[in-house]
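Encoded as structure tokens, the structure appears first; notes follow it.
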Amino acid sequence: MVKFAHRLSGVIAFTVVAALSFSGCTKKVDDKDTTLTVPLVVNLKGLDPIQADDLYSNMVVRNVFEGLYEYHYLKRPFTLQPALAESMPEVTDNGLTVTIKLKKGIKFQDNACFPDGKGREVVADDFVYSFRRLADPKSISNGFWIFDGKIKGLNAWIDAVKTGKADYKTPIEGLQAPDKHTLVIKLVQPYYQLNYVLAMGFASVVPREAIEKYGAEFINNPVGTGPYMLEKASDWIRNSKITLKKNPNWRGQTYPSEGEPSDQAAGLLADAGKALPFADTLVFTEMIEDQPRWQNFMKGNLDFAVIPNDNYDSAIKDNKVLPELTAKGLSLDNSTAVEITYIGFNLKDPLLGKNKDLRRALSLAIDPESYIKTFDNGRGIPAQSPLPPGLEGYDPDFKNPWVQFNVAKAKEMLAKAGFPDGKGLPEFTLESLSSAKDRQIDQYFASLWSAIGVKIKSSSNTWPQFQEKIKRNEAQIFPFAWGADYPDPQNFLQLFYSKNFSPGPNDTRFSNPEFDKLYEKSLTLPSGTERTELYKKMRDIVVEENPWIFLRTRKEYRFFHAWVGNFKWNHIENAMFKYIKVDPKKRAELKGKL
Amino acid sequence: MIPILLGVTLLTFVLFNMLMKDPASRFAGRHATVEQLATIRAELGLDRSLPEQYFLFLKQIVTLEFGRSWSTKQKISTMIDDGFSATLCVTVPPFIAAIFVSIALAMATAYRRGSWFDKSMVVACLAFLSVSSLVYILALQWGLAYKLGWFPISGWDPSWTGRWSYLILPWIILFVLSLGVDILLYRSVILDESYQDYVRTARAKGLSGVQVYSRHILKNALIPIITNVVIEMPFLITGSVLVENFFSIPGLGGLLVKALNESDLPVIKAMTVIISIAYMVFNLVADLLYSAADPRVRLG
């Protein structure tokens, strides 16, 4: 028996050694390969732009599909520029008619859906078709809000489609293509955010032929006009990685020659005027877990990565990159997200809804600074109002009187609310998610609130359950966040408009007639001082009424390797990979040393 | 089998509907309106009565056409096909290796009971058991893949020739993970048998220790071993979620957990049916193996 065990252990040892020597062979780094390898922290769902409703799907999809407008790569504040449109739109008829001229000669990528397999020219009718498809109830896209109630005849067309009285041939007054290169959009009322929504992935152009050929399988057979394309179906290994190749039919574009004042010094204008895209191939690898993702980055298998919380201290000290990382050629891109994270109160709740002082007391007991320190390694800015940094109307000096960690004042406010030391208050329920970090955050909030005598029990949910509770107004207190769809404060202020009650975006059911009046007026105004003043007045009302406890705006720290050039993260459009350059020789030289 | 399957499907359906009152709300996004929610309910068939929805579920089982995922809009049959091959490649080799190695080591430790070898094996097995699987994954991935560079840190190649390099480290981890429990269990089963009268008779006949263990004790210890192996078998399909996630292997384990987290009912339904059928098939296999291992067990 012992002999047998010895023999067996010999076989195992041989297998392991053989396996190790087999797998230990490392591939030589190709010094001509310009592939950019991008990490995805969630699995990619599909490649249909009207279904790409999460950040990571958008990150991939927007390299294949384009719309009329796009964001300038370097300029801040965020600035739009024409993509498939020839110029910015012409607005007439008191803001009710928007005429957009299309660039001529734009072609879809080659695909079997076209009669000869060659991509045909994009015409204005393709946009009419694509916008109808977004609105079609059968598409079940949650991107339709960008046009909902805005375009003349579109909502009536949806109703008619539902009852079988209309189809894609039925004309829509507000969506017209008078000639091949002109798109006319007629609006119900002026829509000053239209240019922004036309730059969103949901408004990308798709060819009718591809939808007719592939049907629901269009998600696996994308056909767009973008700088990259899915060359063959096998280039997407679902839940693992997707490889996109340069689209030979792409319209072409050059690297920008203008940007922020700091861009010149950062070397971000060195490639001005050079042809895009720089990388021949884009590879998106799906790595859900932080540690293997970070290890892959440190070995040079990924070209950039966000630093995980757990690795922060091994890379950054006193907000500076540690010398051992800079010695490896790693650089840091530090950018502030366009978002607000908050704790929402359900104002339908008889206690929380009617007692402003109680909400203020709960707000004063929370310490955003320590929250950022504890859960974000200090990477964040305490939020003071619904207007995040980087947007019109944001004032860095504005201080919200209810955003300060002041236990004495919180207790005072609680007494004023009629509950001295929390006496007489029922236990509140904090709805949250079920991850370990969310449970830690729940405990953190509970401990801060218990210091003023308020008891909280937390309820863990899956993400869909959490969303459902909020949409059905069943959540009493809930931590949540809002990331900008586009860089206009209206996108944040709509969260307090009473006609947007949940299931819409106003998930606290905040209602204030004065706010509504100002909001409605702001919708009729173009960008400018008058509108900015209205935004500030609305901000003040929200701060005064406290439907949210304002928490923070996150900062994101991305490291990139020495061989990566032109790296500047854009928080509104995260698929700017056509601008990023990889120096293959440098990579070949440095990767082996990592 | 059919009543069990019906019971499982009914339970899945009832539980899901208790947990999610309005699944349409998960699709509508942050900008939803009441009208859009109603449209989504109609498009997904959620506006139909619950018995009608359950009947449609049964129809899907009969036709084996589970439709598309609510979350990814991918065809569920494709999702399962893709995940199946990856999961089996990850789980089957270490599973089979662990069975043979743990039986061999259990027999060796039982044979040398009380010796330093036995004691150190028991201590090692207890140590294996006591440490969380996450620690093995993190430590071995960091040490063997990241630091020493012996294996790729993570990734997947669907080609048969390319996938092996990505599999070896997950195999080692899964193999090591199952050894601790199995060796201790099999050792105690074998030790129980070694005190039986027939063992003494065999020894009295003059058989060597190895002969007694391999011809008599092992044969009689096989029933509890088979039971344990069968209990572990569903893991072959559900995979190891942690291993799949940490090594970026696109298997079924990750698929099921993601579907549960996202309340993706069509995928949950399909996976529940597959796992239930697998359980039933594995139980049948166990019965067949019992009768092969012990002639006293009769089928029928």
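Everything numeric in this text was worked out from a predicted model, so none of it was measured. Order of the sequence lines sets the chain letters (A, B, ...), proteins ahead of strands, with each chain counted from 1.
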Can you list the steps and then say if A/Leu134 with A/Ser139 is a side-chain contact (heavy atoms from CB on, under 4.5 Å)? CA-CA 7 Å; A/Leu134 174 66; A/Ser139 300; over 6 Å; no
Taking every non-hydrogen pair under 4.5 Å, which of A/Gly143, A/Pro464, A/Pro137 racks up the most with chain B? A/Pro464
Residues passing the side-chain contact (heavy atoms from CB on, under 4.5 Å) test with B/Lys258, sequence neighbours excluded, are A/Asn43, A/Asn239, B/Glu262
Among A/Lys299, A/Met287, A/Glu286, A/Met298, the residue with the most heavy-atom pairs under 4.5 Å to chain B is A/Lys299
Quick one: sort the B/Trp164 and B/Trp171 rings into parallel, tilted or perpendicular, breaks at 30° and 60°. tilted
Chain A heavy atoms under 4.5 Å from B/Asp22: which part of the residue, side chain, backbone, both or neither? both
Under 4.5 Å heavy-atom distance to chain B, tell me which part of A/Asn500 shows up: side chain, backbone, both or neither. neither
Go through the structure and list residues passing salt bridge (Lys or Arg N to Asp or Glu O under 4.0 Å) with A/Glu474, not counting sequence neighbours. A/Arg472, B/Lys21
Selection from A/Gln494, A/Gln291, A/Lys241 maximising heavy-atom pairs under 4.5 Å formed with chain B: A/Gln494
Do we see a donor-acceptor contact under 3.5 Å between the side chains of A/Trp145 and A/Asp485? no
Can you tell me how far apart CZ (A/Phe147) and CZ (A/Phe202) are? Round to the nearest 0.5 Å. 11.0 Å
For residues B/Ile268 and B/Ala259, report the shortest heavy-atom separation together with the two atoms involved. CD1-O, 3.6 Å
Structural part of A/Asp48 lying under 4.5 Å from a heavy atom of chain B: neither
What part of A/Asp148 gets within 4.5 angstrom of chain B, counting heavy atoms only: side chain, backbone, both, or neither? side chain
Would you mind reporting whether B/Leu46 and B/Pro23 have side-chain heavy atoms less than 4.5 Å apart? yes
Between B/Leu260 and chain A, with a heavy-atom cut-off of 4.5 Å, which part of the residue counts as in contact: side chain, backbone, both or neither? backbone
Any idea which heavy atoms bring B/Asp157 and B/Gly162 closest together, and the distance? OD2-CA, 3.4 Å
Side chain / backbone / both / neither for B/Trp142 at chain A, heavy atoms under 4.5 Å: both
Is it the side chain or the backbone of A/Lys138 that comes within 4.5 Å of chain B heavy atoms, both, or neither? both
Under the criterion salt bridge (charged side-chain N to carboxylate O under 4.0 Å, His left out), I'd like the reasoning laid out for A/Asp136 against A/Arg133: C-alpha separation, chi angles, the key distance, then a yes or no. CA-CA 5 Å; A/Asp136 187 341; A/Arg133 183 171 170 263; over 6 Å; no
Counting only heavy atoms closer than 4.5 Å, note whether A/Asn506 contacts chain B via side chain, backbone, both or neither. neither
In terms of heavy-atom pairs under 4.5 Å, which option from A/Gly46, A/Ala216, A/Ser434, A/Ser141 contacts chain B the most? A/Ala216
So, the part of A/Asn461 with a heavy atom under 4.5 Å from chain B: the answer is neither
Heavy-atom proximity to chain B below 4.5 Å, by part of A/Phe218: neither
Can you tell which of B/Lys147, B/Gln141, B/Gln74 has the highest number of heavy-atom pairs within less than 4.5 Å of chain A? B/Gln74
Side chain from CB out, backbone as N, CA, C, O: work out which of these in A/Gln51 comes under 4.5 Å of a heavy atom of chain B, or both, or neither. side chain
Is the NZ or CZ atom of A/Lys469 positioned over A/Phe478's six-membered ring, under 6.0 angstrom from the centre and within 45° of the axis? no
Does any heavy atom of chain A fall under 4.5 Å from the side chain of B/Ser208, the backbone, both, or neither of them? neither
Choice from B/Arg68, B/Gln36, B/Lys73 maximising heavy atom contacts with chain A below 4.5 Å: B/Arg68
Please identify, among A/Asp53, A/Asn296, A/Ile288, the residue contributing the most non-hydrogen atom pairs under 4.5 Å to chain B. A/Asn296
Per-residue contact mode, A/Lys162 against chain B (heavy atom under 4.5 angstrom): side chain
B/Pro93 and B/Phe175, any side-chain heavy atoms less than 4.5 Å apart: no
